[in-house]
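Labels below follow one simple rule: chain letters A, B, ... track the order of the sequence lines, proteins then strands, and each chain is numbered from 1.
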Amino acid sequence: MEQIKITFPDGSIREFAKGTTAMEIAESISPRLAQEVLSASTDGHVIDLQLPINESCALHLHKWDDEEGKRTFWHTSSHLLAEALESLYPGIKFGIGPSIENGFYYDVDAPVPITEADLPKIEKKMEELARTKEPVVRREVPKAEALKTFTEKGDQYKVELITALEDGTISFYSNGAFTDLCRGPHLPNTGYIKAIKLTSVAGAYWRGDEHNKMLTRIYGITFPKKSMLDDYLVLLEEAKKRDHRKLGKELELFMFSQRVGQGLPLWLPKGAELRNRLENFLRKVQKEYGYEQVITPHIGQKELYVTSGHYAKYGKDSFQPIHTPYEGEEFLLKPMNCPHHCEIYRFKPRSYKDLPLRFAEFGTVYRYEQSGELHGLTRVRGFTQDDAHLFVRPDQLLQEFENVIDIVLYIFKTLHFEEYTAQISLRDPNNKEKYIGSDENWEKAESAIIKAAKDKGLKTVVEYGEAAFYGPKLDFMVKDAIGRKWQLGTIQVDYNLPERFDLTYTGADDKPHRPIMIHRAPFGSMERFVAVLLEHTGGKFPLWLAPTQCVVLPISEKFTDYAKKVSKYLNNSDIRSEVDERNEKIGRKIRDNELKRIPFLVIVGEKEENDNLISVRQQSEGDKGQMTADEFIAMINSLVKTETEVK
RNA sequence: GCCGAUGUAGCUCAGUUGGUCAGAGCAGCUGAUUUGUAAUCAGCAGGUCGUGGGUUCGACUCCCUCCAUCGGCUCCA
């Protein structure tokens, strides 16, 4: 019999009969492996475990602990969901049902509305079907036959999908009575799925286009063990406790007011303190990198945005007009700072010796976000960008871009944002009319970003269609408590605005040249950055940022005067300190201040007053014993120094 | 903006089929206590039950409008 050579991930090679399946190979290695394996890859191509392997190849067996294994598991789970739905809602039509980062969903067009109240019923049906361990069967059919099947079934969404496919054979997968158009791979049977949780229902436009019909999307997650689901649910609960909206209220950092307006955050004293510290931190870094602060108004004439191209791109409904009594002038709230900074560039003739020019501004901008898009501090209608625009010569572009990457990385490192994605956001190659500027300039800008990211050794992902309309971006994405991705830092190369504003500098050749602009915001916006920082720290800010670094707790009211004296001394030494003067027991004061995430508590009573000492208690570490106020100050200063000194 | 859900005191939440159901805890105020490392005790005050309509003898409870919030979708200069 003909033999094929299988290469395993450890480099070992074994021979098997041609037509052996991945499952049989797993069985030959160990029964345990055969039980745990979910799908396989041959030369990087994912396949079903039961598919005969006919060529020599490198084989990977995917288990639950590998992303590909989970993908297969959840993909089959979505088919199980579909099967349950079809049996409960005859006549239901199906869109798509993929696996996602945490689970899967299926988009359906149901004959009756499905709401969250229906989920337990559907879950139960899924469990019932999974228990029967229905085999998942693959079948290949010609395109014409596939079309016929779904046309007869009346499933117009699948018909649409098949029509768009290339001619040739199309694979079907069936579990029980349900058959789906699907590339696979899938689990051998639905019995692998032991724990099921349908998490939510939501509307989702067919093919992601808001002009299309809205389908019902059902989200779920499944596991091979019941205990894993329980752990997951506990994890979710924990994550919810770190929600910045909840912590923002508890720690009195910011608020919203219906009377002020949707999406317009109001910063409370503690939040303002925190934000000011972040701003000063960045100001200092930027000064070292040669930035100059500028200040521009919150409004601008419509003409300004017509010149920049923003007005044509976003339309008048995206701008918030200011009604003024002045004739012939139409003002708009500024949605971005770049046009203002371009005008600053034009203040006087610039020489090649002046460049690069780096104008920085904590610029508050206003954008009309649709009501459904607002989300705590991460998506608001009025926010402050830590903006700057660099005007550079072509020969300076790469170096300046890399310097900005350094600033972003320095900030992320200082704040322990270790898990981020550097995303290169390019044009959608199929939809170039969405963007302004020449192909030549776009290509120059894109290659500059790719080169800079590579030089800096960033691990990047490329996303097409995510560029700004005037230029490509390097975006730094960070996840929030429950795994949603948010763009924080962003760096953009722009050849277009300098042209639109006719910006020039005089070269060594005494001729006018066009500068290139770099737009950049390392935090992204103060609002979003604080939100993500809150969720990452759970409100336990590093000492150098904590709005209140320490609270002095008198043991009883007899020692309030001493406590005030200590607190004043600390404040005079730039330690942010308060006194808890409440008539409460010390245990109570400790509890309340711990819950407020105060990094240090200073306890003073008879012993301390007599010896002119203080007792120090550190957040999540407990009692540090007695010391002098000066020793405490030295300790805090040294800790702050360690926190902010990042190599 | 779209789909779905939610909206009761500053906060977190109870309120059964429409009929003394407007409640609790925390926070607040007053008083007692004068406290040694995660909640001292007692009393008091606090709500047009998101808004505006409607149904009803009677609405926190049922229906509609609007507003806001939450989960998604779309969008994100």
Engineer: Reading RNA chain B from 5' onward, which residue's closest nucleotide shows up sooner: A:Val201 or A:Ser318?
Structural biologist: A:Val201
Engineer: Would you kindly check whether a donor in the side chain of A:Glu369 faces an acceptor in the base of B:G1, or vice versa, at under 3.5 angstrom?
Structural biologist: no
Engineer: What is the separation between atom OH on A:Tyr219 and atom P on B:C3, rounded to the nearest whole Å?
Structural biologist: 16 Å
Engineer: Using whole Å, report how far NE2 of A:His341 lies from P of B:A77.
Structural biologist: 18 Å
Engineer: Can you find a donor-acceptor N/O pair under 3.5 angstrom joining the side chain of A:Gln262 to the base of B:U69?
Structural biologist: no
Engineer: Side chains of A:Glu373 and A:Ser371 only: does a donor on one sit below 3.5 Å from an acceptor on the other?
Structural biologist: no
Engineer: For A:Glu584 and B:G31, what is the distance between atoms CD and C1' respectively, to the nearest whole Å?
Structural biologist: 14 Å
Engineer: Using Watson-Crick or G-U wobble geometry with both distances below 3.5 Å, tell me the partner of B:C75, or none.
Structural biologist: none
Engineer: Mind checking A:Gly605 for me? I need base, sugar-phosphate or nothing, with any heavy atom below 4.0 Å counting as a touch.
Structural biologist: base
Engineer: Under 4.0 Å between a side-chain N or O of A:His211 and OP1 or OP2 of B:C2?
Structural biologist: no
Engineer: Across all strands, who's sitting opposite B:G4 as a Watson-Crick or G-U wobble pair, both distances under 3.5 Å?
Structural biologist: B:C70
Engineer: Just the rounded figure in Å: distance from P of B:C73 to CD1 of A:Ile96.
Structural biologist: 12 Å
Engineer: What's A:Ala204 touching, base or sugar-phosphate or nothing? Going by heavy atoms closer than 4.0 Å.
Structural biologist: sugar-phosphate
Engineer: Counting side-chain heavy atoms from C-beta on, which of B:C76, B:C2, B:A77 comes nearest to A:Pro335?
Structural biologist: B:A77
Engineer: Looking only at the side chain of A:Arg591 (C-beta and beyond, no hydrogens), which of the listed nucleotides B:U74, B:A39, B:G71 gets closest?
Structural biologist: B:A39
Engineer: Could you check, using the six-membered ring where one of them is a Trp, whether A:Tyr106 and A:Phe94 have ring centers closer than 6.0 angstrom?
Structural biologist: yes
Engineer: Any strand is fair game: report the nucleotide pairing with B:U33 by Watson-Crick or G-U wobble, both distances under 3.5 Å, or none.
Structural biologist: none
Engineer: Whether the side chain of A:Arg617 and the base of B:A38 hold a donor-acceptor pair under 3.5 Å is what I'd like checked.
Structural biologist: yes
Engineer: Scan every strand shown for a Watson-Crick or G-U wobble partner of B:A39, both distances under 3.5 Å, and answer none if you come up empty.
Structural biologist: none
Engineer: In whole angstrom, give the distance that lies between atom CD of A:Glu621 and atom P of B:U37.
Structural biologist: 19 Å
Engineer: A:His389 NE2 to B:A77 P: how many Å, rounded?
Structural biologist: 13 Å
Engineer: Looking at B:U48, which nucleotide sits across from it as a Watson-Crick or G-U wobble partner, both distances under 3.5 angstrom, or is there none?
Structural biologist: none
Engineer: Rounded to whole angstroms, how far apart are NZ on A:Lys249 and C1' on B:C13?
Structural biologist: 13 Å
Engineer: Quick one: do A:Asp109 and A:Lys213 make a salt bridge, cutoff under 4.0 Å?
Structural biologist: yes
Engineer: Any N or O donor-acceptor pair under 3.5 Å from the base of B:C75 to the side chain of A:Arg379?
Structural biologist: yes
Engineer: Is there a Watson-Crick or G-U wobble partner for B:G10 with both distances under 3.5 Å, and which nucleotide is it?
Structural biologist: B:C26
Engineer: Hey, does the side-chain of A:Tyr368 have a donor or acceptor N/O within less than 3.5 Å of a partner on the base of B:G1?
Structural biologist: no
Engineer: B:G71 P sits how many Å from A:Asn102 CG, rounded?
Structural biologist: 16 Å
Engineer: Ignoring backbone atoms, test whether A:Lys213 places a side-chain nitrogen or oxygen under 4.0 Å from the OP1 or OP2 oxygen of B:C2.
Structural biologist: no
